[in-house]
Amino acid sequence: MTILFLDQSGELGGAELCLLDILCHSSATGDSLLANAQVALFSDGPFRERLARANIEHHLVGDLLPPRRDRSMLRRRLCETVSLIRSVQGILRLAKDCELLYANTPKAMVVGAIVQRLTGLPLVYHLHDILSEQHFGRWEYRFLIRLARACATRVIVNSQASQKAFVSAGGQPEQTTLIYNGFLPEQFSIDTATTADLKQKLGIRSDRFTIGCFSRFAPWKGQSLLLEALAILEDPSIELLLVGDALFGEGDYGLKLRQKTAALGLEGQVQFLGFREDVPQLLSTCDLIVHSPRAPEPFGRVMVEGMLAGKPVIAPQEGSAPELLRHGETGWLIPPRDSQLLAQAIERLQADSSLRLRLGQTAAVDAAKRFHLHHTNHQISELCQPLCHQSAPKLKRMTPPPPFAPP
Ligand code: UDP
């Protein structure tokens, strides 16, 4: 039995990192269903390289890169349509040998829904987003909900927050199953020598209070709010590591963050580290993790990663954060979008090292119990297994169409 995972992105966003965790450790978690999976990608990039490194069978089909903005609307729409047709054709060829389609991103859901209609295969939509106008366009999220209603057998929601948004926008609650992202806790236990070495490489002095912010650069991820809070604190002993990069065409936001850092006079306190693959090691160098998105988070992997690293995490009192951590016990929740209150929370935790230690230690134990990859993989296998058995044999008899040649 094979599951065909569909993903639109070549970049390493949260959805792709979640899928990598699911697939890379499927043998260790004993999930043969996931161990035999294939991945179809619609664009090339570091995600494909990581799949290749992990020896996971993958195929590049079509190319759903955003069309160039300098082209006319008509040309852009034409390019989009051509690449959509190519992706559908590519998936149809691969779907011959699979029992279940698994869409991991919104555009993958669109392609998956078309293929589902053509083949009758069951389709699972793993929803990593809050489907709302704030996160998507005015019509896009409604369209996705309709597709899910019409074509998805099950919708995996990554938090109660994304489940609530899905249902309030018209999605069917009985279609959804809540499965949190899973992690391997041992990956976050870093020996002191490695931490000391990395601190030295980064030039972090021992008398500095180090805050880590790990998110891709996008305006809604709120790095600018954290810079504002830092400026309010006027404390040169605080050092901020901004870890991440613009992954989905928000390059100008990275530039704006650098300009803002300079304008606020924070250049000596902020390090831009770019996109890194050594997140657990970097987490270990921090005294405090701040996640301050300006919009509700659907999941926010870094909050759990910070907890697993035994660090106190400041997060907003909305979206998924209140599900992941409990205020004063396993983290620190504050009202969202308020740089003044964020500054106060940082000051409070900076001043109290025993509070930080207690929060971090309790968080690590709690996160290891609640967000273990073994549990996540087991839940996904249990959800997919019966669907694979029901799968229609219709497709096996279909001859896939020849590759589409654009006019
Ligand atoms: N991350 C990473 N390298 C970086 C910055 C972030 O590997 O330089 C990871 C981070 O550890 C987390 C993920 O990117 O696992 C982001 O997760 P999130 O849930 O915020 O997903 P997104 O909204 O970015 O898709």
Side-chain angles (χ1 to χ4, degrees), residues 5-7 13-19 21-22 100-110 112-113 116 122-183 220-221 291 293-304 307 315-327 330-331 333 336 366-367 369-373 375-384 386-387:
F5 287 86
L6 317 177
D7 197 293
E16 289 71 33
L17 289 167
C18 169
L19 183 54
D21 278 339
I22 291 169
L100 176 71
L101 300 164
Y102 189 115
N104 197 47
T105 55
K107 281 183 188 163
M109 177 58 193
V110 176
Q116 191 283 324
L123 169 68
V124 170
Y125 179 23
H126 195 150
L127 179 62
H128 296 274
D129 299 288
I130 291 212
L131 290 182
S132 68
E133 198 170 329
Q134 197 175 16
H135 282 273
F136 288 79
R138 191 158 170 212
W139 302 111
E140 278 98 332
Y141 79 96
R142 292 202 176 104
F143 177 61
L144 280 167
I145 302 268
R146 280 178 177 233
L147 275 189
R149 280 183 86 107
C151 306
T153 320
R154 303 290 315 155
V155 178
I156 295 176
V157 287
N158 64 351
S159 64
Q160 289 168 31
S162 60
Q163 184 175 38
K164 202 169 154 205
F166 178 78
V167 172
S168 22
Q172 291 173 308
E174 57 280 9
Q175 250 188 323
T176 62
T177 304
L178 170 62
I179 302 181
Y180 287 126
N181 279 210
F183 302 82
W220 77 271
K221 286 290 186 180
H291 190 55
R294 289 185 187 269
E297 257 298 348
F299 186 79
R301 292 170 56 86
V302 71
M303 290 184 269
V304 177
M307 292 166 80
Q317 223 161 19
E318 68 171 8
S320 61
E323 295 169 54
L324 307 186
L325 38 93
R326 291 187 303 280
H327 179 70
T330 56
L333 293 172
D366 188 56
K369 263 195 240 145
R370 295 174 58 219
F371 306 104
H372 204 294
L373 186 63
H375 186 48
T376 301
N377 276 7
H378 183 65
Q379 283 179 295
I380 294 177
S381 280
E382 283 221 324
L383 182 134
C384 293
L387 303 182

If you take all heavy atoms of [X] and [Y], which pair is closest and at what distance?
X	Y	result
Thr105	Tyr125	O-CE1, 4.0 Å
Pro296	Trp220	O-CZ3, 4.0 Å
Gly300	His291	CA-NE2, 4.5 Å
Leu123	Cys151	CB-O, 3.7 Å
Leu325	Ala315	CD1-CB, 4.3 Å
Gly112	Leu6	CA-CD1, 3.6 Å

| field | With sequence neighbours excluded, residues passing salt bridge (charged side-chain N to carboxylate O under 4.0 Å, His left out) with Glu16 | value |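 Partners of Glu16 by the salt bridge (charged side-chain N to carboxylate O under 4.0 Å, His left out) criterion come out as none, since no residue qualifies.
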If we only count heavy atoms from C-beta on, is the [X] to [Y] side-chain gap below 4.5 Å?
X	Y	result
Val124	Ile156	yes
Phe166	Leu131	yes
Phe136	Ile130	no

| query | Would you say the side-chain atoms of Ser159 pair up with the backbone N or O of Pro298, donor to acceptor, closer than 3.5 Å? | reply |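 Looks like yes, one N/O pair under 3.5 Å.
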| said: Strictly distance-based, threshold 3.5 Å: is any side-chain N or O of Ser381 a donor or acceptor partner for the main-chain N or O of His378? | reply: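 The answer is no, because no donor-acceptor pair under 3.5 Å joins these two groups.
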| said: Going by ring-ring contact (aromatic ring centres under 6.0 Å, His included), name the residues that satisfy it together with His327, two or more places apart in sequence or in a different chain. | reply: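 His327 satisfies ring-ring contact (aromatic ring centres under 6.0 Å, His included) with Trp332 once adjacent residues are dropped.
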| said: Restricting to ring-ring contact (aromatic ring centres under 6.0 Å, His included), what partner residues turn up for Tyr102, sequence neighbours left out? | reply: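 Per chain and number, Tyr102 pairs via ring-ring contact (aromatic ring centres under 6.0 Å, His included) with Phe5, His126.
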| request: Determine which pairs satisfy side-chain hydrogen bond (donor to acceptor under 3.5 Å, both in side chains) with at least one residue from residues 127-153, sequence neighbours left out, and list them in order. | output: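 Matches after skipping sequence neighbours: Asn104-His128.
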| said: Using the side chain to side chain donor-acceptor pair (under 3.5 Å) criterion, which residues pair with Glu318? Sequence neighbours excluded. | reply: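 Testing Glu318 for side chain to side chain donor-acceptor pair (under 3.5 Å), a comparison that skips the adjacent residues, returns Arg337.
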Output side-chain donor-acceptor pairs under 3.5 Å for residues 174-182, partner residues at least two apart or in another chain, one line each.
unit_1: Gln175; atom_1: NE2; unit_2: Ala148; atom_2: O; d: 2.7
unit_1: Gln175; atom_1: NE2; unit_2: Ala152; atom_2: O; d: 2.8
unit_1: Thr176; atom_1: OG1; unit_2: Gln163; atom_2: NE2; d: 2.9
unit_1: Thr176; atom_1: OG1; unit_2: Pro173; atom_2: O; d: 2.7
unit_1: Thr177; atom_1: OG1; unit_2: Arg154; atom_2: NH2; d: 2.9
unit_1: Tyr180; atom_1: OH; unit_2: Glu323; atom_2: OE1; d: 2.8
unit_1: Asn181; atom_1: OD1; unit_2: Arg301; atom_2: NH1; d: 2.9

